[in-house]
Amino acid sequence: MSHGHHMDQSLSRRGFMQCAVCATTAAGAVGGGSSIAFAAAAARGGKEALHEFPYGAVQLTGGVIKEQYDHIQAHYLALDNDRVLKVFREQAGLPAPGPDMGGWYDKNGFVPGLTLGQYISGIARIAATTGDKAAHAKVAKLVEGYGEFITRTKNPYAGPKAQDQWAAYVMDKYVVGLIDAYRLSGVEQAKALLPITIEKCRPYISPISRDRVGKVDPPYDETYVLPENLFHVAEITGDDKYRAMAVHYLLNKEWFDPLAAGQDVLPSKHAYSHTIALSSGAQAYLHLGDPKYRKALENAWTFMEPQRFASGGWGPEEQFVELHQGKLGASLKSSKAHFETPCGSFADMKLARYLMRFTGAPVYGDGLERTLYNTMLATRFPDSDGGYPYYSNYGPAAEKLFYHQQWPCCSGTLVQGVADYVLNLYFHDDDALVVNMFAPSKVKWDRAGGAVEVAQETDYPAADTTRLTVTNAGNGRFAMKLRVPAWAKGATLKVNGTAQAVQPGTLATVNRNWKAGDMVELTLPQSLRTLAIDDKNPDTAAVLRGAVMYVGLNPWTGVESKPLALPGALSPVPGSKIAYSTEVEGRNLVFVPYFTVGQERYNTYFNIG
């Protein structure tokens with residue numbers, strides 16, 4: 001395999017700096033023709049309709065999302081520091097105690113040391129949310145170990161394959177780890193290591209942002225994922241050269257420009273890397289103020305909708321497909337790799353949050369909820385030896401398997417994505433608290449009119465109702481807006497017992513002068529429905545209840561081909577809040593939420609003709 005950067009091996013640091021000068025010129029073009037315009041656009045910035053809450057403002061207090069969150073927190077906190085740092089210490093000639101990681105991570109692995117920065121990032125996010133001092137200390141120790149390596153070594157990569165084909169990808173992970181260590185865990189050393197890391201990695205990175213097409217065609221590196229975090233580095237360091245570098249690596253010609261113009265360029269693209277690149281476009285919008293990037297994100301979401309399986313996932317064999325040719329349906333038989341799950345979920349949920357922030361539109365909250373419940377939340381728990389979930393399989397008689405090699409990329413995005421669950425639940429503007437998801441939790445909103453605190457109690461999605469209680473009202477002058485999903489026909493809302501009309505697919509707004517003890521009760525009827533896999537296979541469909549995808553448990557050979565009257569044939573399993581069943585040729589076919597499936601076989605799509 002050839003990354004293609006070998007022809008650039010003669011690229012000196014001086015040559016790259018000349019490239020950075022070009023980047024400054026390119027930056028001017030983004031802003032409107034000059035570096036002065038670039039600076040003005042950067043100062044102007046893109047507008048947000050809603051804002052995220054910082055880590056620590058939202059706490060999970062129970063339910064299925066918290067169960068996974070707690071498990072992942074424990075799992076990554078328990079990762080042995082010496083084991084994680086060993087390959088870096090070996091590369092730098094330092095004492096390297098502890099066992100080898102194995103798999104992708106080791107010196108001769110597929111991408112040596114690839115996920116260190118993501119482990120640091122995810123643990124820092126969890127630490128900032130929970131206040132876990134041990135997690136903060138772990139972040140500091142891992143940064144210290146990485147710092148010993150990066151300050152001693154000439155080559156910033158832990159093994160040859162990392163530098164040869166994934167140089168930009170790995171640098172990006174280093175950088176996000178250092179950003180979060182500094183911002184969220186207060187590790188000052190991480191700030192000092194950012195410019196050192198970038199300068200040492202730059203000679204190995206393509207001087208231009210080069211598109212990646214599909215899963216197997218070189219170049220494999222994803223330079224176009226760099227800008228999101230480079231914009232953050234510019235903020236942290238105050239050095240505009242990193243902003244210029246971010247602008248330089250935006251994949252405008254092949255990605256943002258056609259998307260903004262309304263052209264669907266998704267088919268044949270590498271699905272995960274182009275979706276995560278949309279986060280770079282989001283930061284470009286926020287930093288440069290160019291509406292092109294916001295429009296590109298909105299159009300990309302629209303074009304992704306028909307690419308989605310019922311789970312919200314996309315990209316069989318890591319590629320977006322040509323539409324209206326039945327290719328999603330065909331992939332059920334040709335592939336067992338339908339969605340690159342932790343990585344793709346991480347990218348998809350970030351995209352949804354950015355679009356929520358930019359537009360305030362609840363459709364993105366609907367999408368975010370579906371993706372969270374059916375992909376990241378539904379992954380198999382990892383083991384102690386680098387066994388991690390990678391692909392979701394929506395074909396017949398599928399199982400939740402580990403990737404065939406240890407410590408794949410998804411071991412990094414798993415901890416980051418789960419750590420970000422707290423960002424998905426609530427948003428705010430100056431005057432309103434937006435309730436986007438329904439999970440036992442509490443939120444503290446620090447605002448000029450005094451701190452507002454709200455607690456949410458629910459057994460959703462097993463139950464239809466959630467209850468929000470104002471525990472601290474501040475000055476009482478704010479609105480509460482609750483997302484009513486588009487599928488929630490017959491939804492009802494009560495404020496202190498008094499009913500208020502709501503419309504599915506909107507944010508239901510409650511305006512009042514709040515006081516402590518005020519209660520809002522939202523009921524979302526989660527009726528069963530089916531969703532066809534694509535427009536050429538309308539009779540091949542999956543079952544959903546509300547946002548949650550259901551699968552047939554322990555299917556037998558050929559059951560996916562039997563015509564079934566779904567969802568009408570399904571009846572609740574007595575005594576269960578979540579399971580349904582039907583009889584097929586004298587056998588019981590039981591449907592359960594996909595996120596509850598452990599090691600059983602399951603079937604996602606059925607013949608409803």
Side-chain angles (χ1 to χ4, degrees), residues 13-14 16-17 20 23 42 54-55 79 81-82 84-96 112-128 132-158 162-163 167-205 225-246 248-249 283 287 412 415-416 419:
R13 189 162 304 182
R14 178 172 58 85
F16 207 106
M17 288 309 296
Y55 297 98
L79 275 183
N81 291 354
D82 285 336
V84 171
L85 291 167
K86 183 171 184 176
V87 68
F88 295 96
R89 289 168 169 165
E90 288 174 336
Q91 176 78 339
L94 294 164
L114 77 161
T115 43
L116 170 68
Q118 291 172 297
Y119 300 158
I120 293 170
S121 165
I123 295 165
R125 294 175 190 197
I126 289 171
D132 183 352
K133 292 180 180 177
H136 281 308
K138 186 178 188 72
V139 169
K141 279 288 187 190
L142 290 173
V143 170
E144 181 185 1
Y146 170 77
E148 290 175 347
F149 156 75
I150 199 69
T151 54
R152 279 173 168 80
T153 184
K154 288 184 178 178
N155 184 329
Y157 296 99
Q163 71 195 50
Y169 178 99
V170 174
M171 185 191 93
D172 184 61
K173 309 313 175 226
Y174 289 162
V175 166
V176 74
L178 295 172
I179 288 169
D180 287 347
Y182 172 67
R183 285 182 165 174
L184 302 178
S185 286
V187 181
E188 286 289 334
Q189 184 188 10
K191 178 180 178 180
L193 292 175
L194 276 168
I196 295 169
T197 296
I198 293 169
E199 293 310 313
K200 288 196 173 186
C201 290
R202 275 162 72 144
Y204 296 91
I205 296 170
V225 306
L226 293 173
E228 181 185 23
N229 289 317
L230 288 171
F231 280 119
H232 292 312
V233 175
E235 289 174 337
I236 290 169
T237 63
D239 192 334
D240 241 24
K241 76 180 178 187
Y242 299 117
R243 191 187 306 271
M245 190 177 176
H248 178 73
Y249 278 110
Q283 287 297 323
H287 284 81
V415 64
Q416 288 181 297

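Here the straight-line distance linking atom CD1 of Ile198 with atom CE of Met171 works out to 5.0 Å at 0.5 Å rounding. Here the straight-line distance linking atom CD1 of Ile126 with atom CG of Asp180 works out to 11.5 Å at 0.5 Å rounding. Residue Thr237 holds its OG1 atom at 7.5 Å from CG of Leu194, rounded to the nearest 0.5 Å. Distance check: Ile123 CD1 to Arg125 CZ gives 12.0 Å after rounding to the nearest 0.5 Å. Tyr119 OH to Leu142 CG: the interatomic distance, rounded to the nearest 0.5 Å, is 11.0 Å. To the nearest 0.5 Å, atom NZ of residue Lys241 and atom CG of residue Leu230 are 11.5 Å apart.
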Query raised in the report: Which is it for Asn155 and Tyr204 under the side chain to side chain contact (heavy atoms under 4.5 Å, CB included) test, yes or no, and what are the steps along the way?
Result: CA-CA 9 Å; Asn155 184 329; Tyr204 296 91; 3.7 Å; yes
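Looking at heavy atoms from C-beta onward, Arg89 lies in side-chain contact with Asp82 at the 4.5 angstrom threshold. For the pair His232/Glu235, a side-chain contact is recorded, criterion being any heavy-atom separation below 4.5 Å from C-beta on. Side-chain contact between Thr151 and Leu193: present, with at least one pair of heavy atoms (C-beta onward) separated by less than 4.5 Å.
Across all non-hydrogen atoms, the minimal contact from Ala234 to Arg243 is CB-N, 3.6 Å. Nearest approach of Asp172 to Val225, heavy atoms of both residues: OD1-O, 3.6 Å. A pairwise comparison of heavy atoms in Gly147 and Gln189 identifies CA-NE2, 4.0 Å as the closest pair. What you find for Ile179 and Asn229 is that their closest heavy atoms are CD1-O, 3.6 Å. Minimum heavy-atom separation, Ser121 to Gln416: OG-NE2, 3.0 Å. For the residue pair Ala168 and Leu226, the shortest heavy atom distance occurs at O-CD2, 3.4 Å.
Salt-bridge check for Lys138 with Asp132: failed, with every basic side-chain N at 4.0 Å or more from each acidic carboxylate O. Ion pairing between a basic and an acidic side chain is recognised when a charged N comes within 4.0 Å of a carboxylate O; Lys191 and Glu188 show no such pairing.
With hydrogens and angles disregarded, a donor-acceptor distance shorter than 3.5 Å links the side chain of Gln91 to the backbone of Tyr157. Side-chain atoms of Thr153 never come within 3.5 Å of backbone atoms of Phe149 as a donor-acceptor pair (strictly under, hydrogens ignored).
Under the 30°/60° scheme for interplanar angles, the aromatic rings of Tyr174 and Tyr146 are found to be tilted.
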